[in-house]
Amino acid sequence: MVKLEYREFGKTGLKISKVGFGCWQAGMSAWGHDYTRRDAGDAIIAAHENGINFFDTAEAYGSGISEKILGESLKGRDAIIATKLAGYNSSVVEKSIERSFRNLGRTIDLYQVHWVPSIYTNLGRLFRAIEKSVKAGKVQHIGVSNFPLKYLEKAQNFMEKEEIVSDQVQYSIVHREAETELLQYCRKNRIEMIAWSPLARGELTGKYFNSRMPFTLSRSLNSFTSGHSLSQPLKEYLQEQSASLGVPIPALAIRYIISKGILPIPGAKNPLQARQNSEAMDAHIPEGIFGRIDSLSMQYATGSPKLLIPRAIPNTLLRIVMSRSI
Ligand SMILES: NC(=O)c1ccc[n+]([C@@H]2O[C@H](COP(=O)([O-])OP(=O)(O)OC[C@H]3O[C@@H](n4cnc5c(N)ncnc54)[C@H](OP(=O)(O)O)[C@@H]3O)[C@@H](O)[C@H]2O)c1
């Protein structure tokens with residue numbers, strides 16, 4: 001059983017577990033057919049029973065299915081729920097919040113603007129509409145996702161009263177680009193950085209080391225942002241440390257992120273994965289290991305931050321893909 005230990009979530013006053021839980025898998029459609037809706041719900045319950053209290057979902061995950069499964073699974077339980085805006089048109093924001101609020105059956109603790117800022121029609125109007133929902137008591141705190149520094153600052157300037165409390169970006173051992181100026185800024189301003197795909201969509205679990213990743217819509221989308229496969233020395237180091245410490249590779253990958261002061265939100269399809277990922281909070285891992293992983297993965301920290309804004313993809317195409325139940 002995991003020890004229950006919580007930390008402050010930036011300036012919000014919320015107390016969160018060091019590991020969160022990603023609910024894209026509970027959207028069902030994008031992650032293949034090797035699990036059921038029941039597995040997805042049981043994974044959420046297993047995570048909660050193992051000390052995780054921060055759950056991330058989005059209106060776009062299965063067009064609301066993930067929010068519904070999350071809401072049903074956590075009914076009557078104390079937890080912090082984050083969801084995200086699917087639409088790119090600022091005039092739909094209030095309707096989206098209302099729908100998420102109903103799907104989840106509770107107040108939204110953190111409402112995040114999901115996609116790269118370039119696809120939204122009117123950012124000023126969008127943030128002001130979210131602020132209204134805070135006043136109305138539907139949303140507690142406002143965050144962004146996939147916002148580079150320039151837009152994070154802009155978003156803050158659009159706000160009349162509220163503050164942007166978090167930025168959710170791709171971050172893992174093999175995607176460290178956000179570590180440059182964005183992480184420094186977040187640390188300085190007590191803005192939480194939340195790491196999506198902390199296990200590089202399964203690549204950092206160990207099980208796909210020597211084989212191709214399975215094909216699912218979620219993994220095909222990886223081509224937007226990936227192209228970073230594990231180098232041989234890093235692969236070997238993770239395998240050796242996992243064997244000698246008796247700690248699974250996903251736990252090493254999750255704890256590496258925690259060591260940077262970032263919140264990992266690994267996704268899980270079943271209770272076994274959920275338990276294993278929550279046990280990472282307690283695993284005994286000497287600090288020196290993170291320094292070694294740091295130097296072995298330096299090449300993934302120097303990539304261009306444009307990975308956070310896939311400019312090469314035309315906005316219209318991005319909007320079509322994003323609106324398709326991911
Ligand atoms: N803001 C955004 O734009 C954005 C983008 C992506 C994700 N997210 C959020 O971030 C969360 C996590 O990212 P992600 O789901 O893309 O990727 P991830 O957490 O890096 O990888 C999740 C996948 O890894 C495998 N896995 C997880 N734990 C495992 C374990 N202990 N042992 C073996 N395999 C394990 C499972 O897939 P298999 O069993 O199929 O291998 C699982 O579906 C999402 O659920 C979502 O909430 C946000």
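Counting convention: from 1, in listed order, for ligands and their atoms alike.
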> Stepwise, does the side-chain contact (heavy atoms from CB on, under 4.5 Å) test hold for L263 with K18?
Replying inline: CA-CA 6 Å; L263 174 66; K18 289 181 198 153; 5.9 Å; no

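- Residue contact annotation: P198 has a non-hydrogen atom under 4.0 Å from ligand 1.
- Considering backbone and side-chain N/O atoms, D56 comes within less than 3.5 Å of an N/O atom of ligand 1.
- Residue contacts with ligand 1 do not include R275, since none of its heavy atoms lies under 4.0 Å from the ligand.
- Remark: ligand 1 and T57 share no N or O pair separated by less than 3.5 Å (distance only, no angle test).
- In the displayed structure, K11 atom NZ is contacted under 6.0 Å by more than 12 heavy atoms of other residues, nucleotides or ligands.
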Quick one: side chains of residues 240-249, donor-acceptor pairs under 3.5 Å with protein atoms, not counting sequence neighbours, listed by atom name and distance.
from : atom 1 : to   : atom 2 : distance (Å)
S242 : OG     : V247 : O      : 2.8

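- With atom 35 (C) of ligand 1 as the reference point, the heavy atom nearest to it among T205, L204, T83, I194 is part of T205.
- At a heavy-atom distance under 4.0 Å, only side-chain atoms of K207, from C-beta outward, approach ligand 1.
- Ligand 1 has a nitrogen or oxygen under 3.5 angstrom from a nitrogen or oxygen of L199.
- The proximity of S218 to ligand 1, defined as any non-hydrogen pair under 4.0 Å, does not occur for either the backbone or the side chain.
- Under a cut-off of 6.0 angstrom, the local environment of CG in N157 is crowded, with over 12 non-hydrogen atoms contributed by other residues, nucleotides or ligands.
- The residue from Y61, F21, W31, Y35 that puts a heavy atom closest to atom 9 (C) of ligand 1 is Y61.
- Close contacts of ligand 1 with Q168, meaning ligand atoms under 4.0 Å from a residue heavy atom, involve 1 (N), 2 (C), 4 (C), 8 (N), 9 (C), 48 (C).
- Closest heavy-atom approach to atom 10 (O) of ligand 1 among the candidates F55, W196, W24: W196.
- Contacts of K84 with ligand 1, taken as heavy-atom pairs under 4.0 Å, involve the side chain alone.
- When heavy-atom distances to ligand 1 are checked against a 4.0 Å cut-off, K269 comes that close only through its side chain, counted from C-beta outward.
- The proximity of S197 to ligand 1, defined as any non-hydrogen pair under 4.0 Å, involves the side chain as well as the backbone.
- For P250, no nitrogen or oxygen atom sits less than 3.5 Å from a nitrogen or oxygen atom of ligand 1, counting backbone and side chain alike.
- Backbone and side-chain nitrogen or oxygen atoms of G267 are examined, and one is located within less than 3.5 angstrom of a nitrogen or oxygen of ligand 1.
- When heavy-atom distances to ligand 1 are checked against a 4.0 Å cut-off, I265 comes that close through both its backbone and its side chain.
- Near G22, meaning under 4.0 Å from any of its heavy atoms, are these atoms of ligand 1: 11 (C), 44 (C), 45 (O), 47 (O).
- Under a 4.0 Å criterion applied to the non-hydrogen atoms of Y208, ligand 1 contributes the atoms 38 (P), 40 (O), 41 (O).
- Near Q276, the atoms of ligand 1 lying under 4.0 angstrom from a non-hydrogen atom of the residue are 30 (C), 31 (N), 32 (N).
- For ligand 1, the polar-atom distance check finds no N/O of W115 at less than 3.5 Å from any of the ligand's N/O atoms.
- Listed by first then second residue, pairs satisfying ring pair (Phe, Tyr, Trp, His ring centres under 6.0 Å) with a partner in residues 29-52 read W24-W31, not counting sequence neighbours.
- The hydrophobic cluster containing Y111 also contains F158, counting ILVMFWY residues as joined when their side-chain heavy atoms lie under 4.5 angstrom apart, directly or transitively.
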